[in-house]
Amino acid sequence: MDRVRSVLALCAATVLAVPGITALSSAARAADADLARNGGFEAGLDGWTCTGGSVVNSPVRSGGSALKATPAGSDNARCAQTVTVKPDSQYTLAGYVRGDYAYLGASGTGTTDVSTWTQSAPDWQRLTTTFRTGASTSKVTIYTHGWYGTGAYHADDTSLVGPGVDAGQPPAAPTTPTVGTVTSTSVALSWPSVPGATGYAIHRNGTKIQSASGTSTTVSGLSPSTAYSFQVTAVNEAGESAKSPAVTATTASGPGGGDPADLPAHALVGYLHASFANGSGYTRMADVPGSWDVINLAFGEPTSTTSGDIRFSLCPATECPNVESEAEFKAAIKAKQAAGKKVLISIGGQNGQVQLTTTAARDTFVTSVSKIIDTYGLDGLDIDFEGHSLSLNADDTDFKNPKTPVIVNLISAVKTLKAKYGADFVLTMAPETFFVQLGYQYYGTGKWGGQDPRAGAYLPVIHALRNDLTLLHVQDYNSGPIMGLDNQYHSMGGADFHIAMTDMLLTGFPVAGDANNVFPPLRPDQIAIGMPATPNAGNGHVPSSETNKALDCLTKKTNCGSYATHGTWPALRGLMTWSINWDRFGGWEFSKNFDSYFG
């Protein structure tokens, strides 16, 4: 969010060197086998992990299906699978492609990784390359992908021919799990070990949510007073077992952590341009209608990027001729609070870059933010860090255990403020999609470097503070296309984008595609959907009819369109908008529609 509008620039997530064409392989020996699973895509995407890919029935080279994958933004539409191979053995990788810039390759060979490509294939064209595995190599990854900024490519009849390996059989299914300690937001599970299993996967309401190396785990991020069904599968190198019988557990009553008891079940959150003016005009605190349950004062900004010294003052009269006095402003805040409203200081915005690079800056942040809260008698803090405020160091790869100073110091500062002001301290966050949902594909610089270090950088902050967090309202605007849990890209402009982005927060998702590193779901009472109030307020505005479709789908599972959600969340907290001023400019359409929808 900025003083006119925020701009989210999706940066290139990875830069690949253009590979050379390798030599063609000789004919496979008669004893060799094709080790690629579902190489013709006849079983959909079974065996493949794809970005921007789907199975189509035309055009196909053989059978009834083929892959169609479309590069978008910083994604090259990679489709890959990992195959078990023999060490020190020769393999031939081949496949048919059509379209512009189609690649076929193998990585993790233990010797020299290989790839081959074509710049243009108007009709099906065979690509082939060979490699030899290393002395200790037991697995390789084969893949196809396109190229950035080009059109869709198709792939079919992919094969990896060479010496086969007997992977054995998947383990037997575990017996029924046992429910242990149950809280308002978590359920502990345990189960007997299964012979031959190297790990286990936990499924909630039929969807895989996390993995475990042992025979117990705790599923967190659940909603209070809600019944959940859990099943467990056993896994080994050969695959995954059938699911165990289901066990049901109902969480205890809430509210959960970070949820003040007097916050409405459905809340409307808005930003009030209190320190500046723009085309929407200045709105006095006393003139904010009663529809608004949480009012975020925009903005507290630092004296310099790394000082941690946050300052806030009312808009100067030269810029805002109708600005109230300090005394009137404070009195209006008290009146709002007496009516049950929450008033917070929002730190950051587009112009307020905050980097707590040192512990000294962290401590200054705590002191200066406390002074603002105490001066105006505020209820809490909104973190609206944008731009380059948060990014991850190259060695910071685990969102559950962050190392980067700007991340670690921010978490510490907020925990200190929460401890100082107590259980009713309201904590909200307004990250952009680049810093949250993009983490499904990319996290930081990535395993091989080259990605934008800001990708997914809010995830460790949200995760560390999830028990203190009152509301997360991601800015579903000024965003590029983002991949949802259906592995399809979703763009602004309709209900679908809000549904897909919100479903990710309520379902949880593997970070950077790692099924063993899952960002757990947040509670529905912690989520509000961020939208622009008018077309003037930011890119991605939708009419009230689309807003209501999104709410219908997420809370009632009706009007869902093409995206299939992973649940129904009637306790979804509500909506956030940029901004109260812009809503006034638009005749209060946004807030009136909210009041009408939730009664």
Side-chain angles (χ1 to χ4, degrees), residues 37 46-47 49 81-84 138-139 165-254 256-257 397-402 439-440 443 459-460 462-464 466-467 485 504 506-523 566-567:
R37 177 178 172 181
D46 180 49
T49 299
Q81 69 170 266
T82 300
V83 182
T84 301
S138 61
K139 292 182 181 295
V165 177
D166 183 7
Q169 297 293 322
T175 56
T176 306
T178 299
V179 175
T181 302
V182 178
T183 72
S184 62
T185 59
S186 67
V187 172
L189 299 170
S190 61
W191 54 90
S193 62
V194 175
T198 57
Y200 300 88
I202 295 83
H203 300 252
R204 184 189 68 227
N205 296 341
T207 300
K208 181 179 177 181
I209 56 167
Q210 63 193 62
S211 300
S213 57
T215 57
S216 64
T217 193
T218 297
V219 179
S220 59
L222 305 177
S223 299
S225 304
T226 303
Y228 294 93
S229 173
F230 299 99
Q231 294 169 286
V232 178
T233 56
V235 296
N236 63 13
E237 190 172 282
E240 185 174 1
S241 74
K243 292 184 178 73
S244 71
V247 63
T248 299
T250 300
T251 51
S253 59
T397 58
D398 182 2
F399 77 91
K400 296 177 183 177
N401 298 286
Y440 178 50
Y443 188 69
L459 293 177
I462 298 168
H463 184 68
R466 62 172 56 238
N467 291 330
L485 296 180
M504 296 179 76
L506 294 168
T507 303
F509 54 87
V511 176
D514 185 353
N516 295 314
N517 194 29
V518 175
F519 178 78
L522 291 160
R523 304 189 315 268
H566 293 77

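Hydrogens, waters and symmetry mates play no part in the numbers below; they use all other heavy atoms, side chains included. The model shown is predicted, which means the values in this text are computed figures rather than measured ones.
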If the condition is side chain to side chain contact (heavy atoms under 4.5 Å, CB included), which residues does [X] pass it with, not counting sequence neighbours?
{"X": "Glu240", "result": "Ala201, His203, Thr233, Val235"}
{"X": "Ala242", "result": "Ala173"}
{"X": "Ser216", "result": "Ser190"}
{"X": "Ile209", "result": "Ile202, Arg204, Val219"}

Considering only distance and modelled atom types, tabulate donor-acceptor pairs under 3.5 Å from the side chains of residues 510-518, sequence neighbours left out.
unit_1: Asp514; atom_1: OD1; unit_2: Asn516; atom_2: N; d: 2.9
unit_1: Asn516; atom_1: OD1; unit_2: Ser211; atom_2: OG; d: 3.1

What pair of heavy atoms forms the shortest contact from [X] to [Y], and how long is it?
{"X": "Thr176", "Y": "Ala246", "value": "CG2-O, 4.1 Å"}
{"X": "Ala227", "Y": "Thr248", "value": "CB-CG2, 4.4 Å"}
{"X": "Val179", "Y": "Val247", "value": "CG2-CG2, 3.6 Å"}
{"X": "Thr217", "Y": "Ala212", "value": "CB-CB, 4.4 Å"}
{"X": "Pro171", "Y": "Ala197", "value": "CG-CA, 4.0 Å"}
{"X": "Phe509", "Y": "Leu485", "value": "CB-CD2, 3.6 Å"}

Please tell me if the side chains of [X] and [Y] come closer than 4.5 Å, counting only heavy atoms from C-beta onward.
{"X": "Pro521", "Y": "Leu506", "value": "no"}
{"X": "Leu522", "Y": "Ile462", "value": "yes"}
{"X": "Thr251", "Y": "Val187", "value": "yes"}

My understanding is that only residues two or more places apart in sequence, or in another chain, count here; which of them pass side-chain hydrogen bond (donor to acceptor under 3.5 Å, both in side chains) with [X]?
{"X": "Asn401", "result": "Asp398"}
{"X": "Thr183", "result": "Ser186"}
{"X": "Tyr228", "result": "none"}
{"X": "Lys139", "result": "Thr84"}

Open item on the list: I'd like to know if the side chain of Asn205 reaches the main chain of Ser229, judged simply by a donor and an acceptor atom lying under 3.5 Å from each other, with no hydrogens or angles considered.
Closed with: yes
Open item on the list: Whether the side chain of Ser244 engages the backbone of Val232 through a donor-acceptor N/O pair (distance < 3.5 Å, no angle test) should be reported.
Closed with: yes
- [ ] Sequence neighbours left out, what passes salt bridge (Lys or Arg N to Asp or Glu O under 4.0 Å) with Asp46? Give chain and number order.
- [x] Arg37
Open item on the list: Exactly one of Ser241, Pro192, Pro245 should register a side-chain contact (heavy atoms from CB on, under 4.5 Å) with Pro174. Which one does?
Closed with: Ser241
- [ ] Find the distance between OG1 (Thr178) and CG (Leu189) and round it off to the nearest 0.5 Å.
- [x] 9.0 Å
Open item on the list: To the nearest 0.5 Å, what is the distance between CE on Met504 and NE2 on His566?
Closed with: 10.0 Å
Task: Sequence-distant partners of Tyr443, ring-ring contact (aromatic ring centres under 6.0 Å, His included), two or more places apart - done: none
Task: Pairwise ring pair (Phe, Tyr, Trp, His ring centres under 6.0 Å) hits with a residue in residues 171-200, at least two apart - done: Trp191-Tyr200
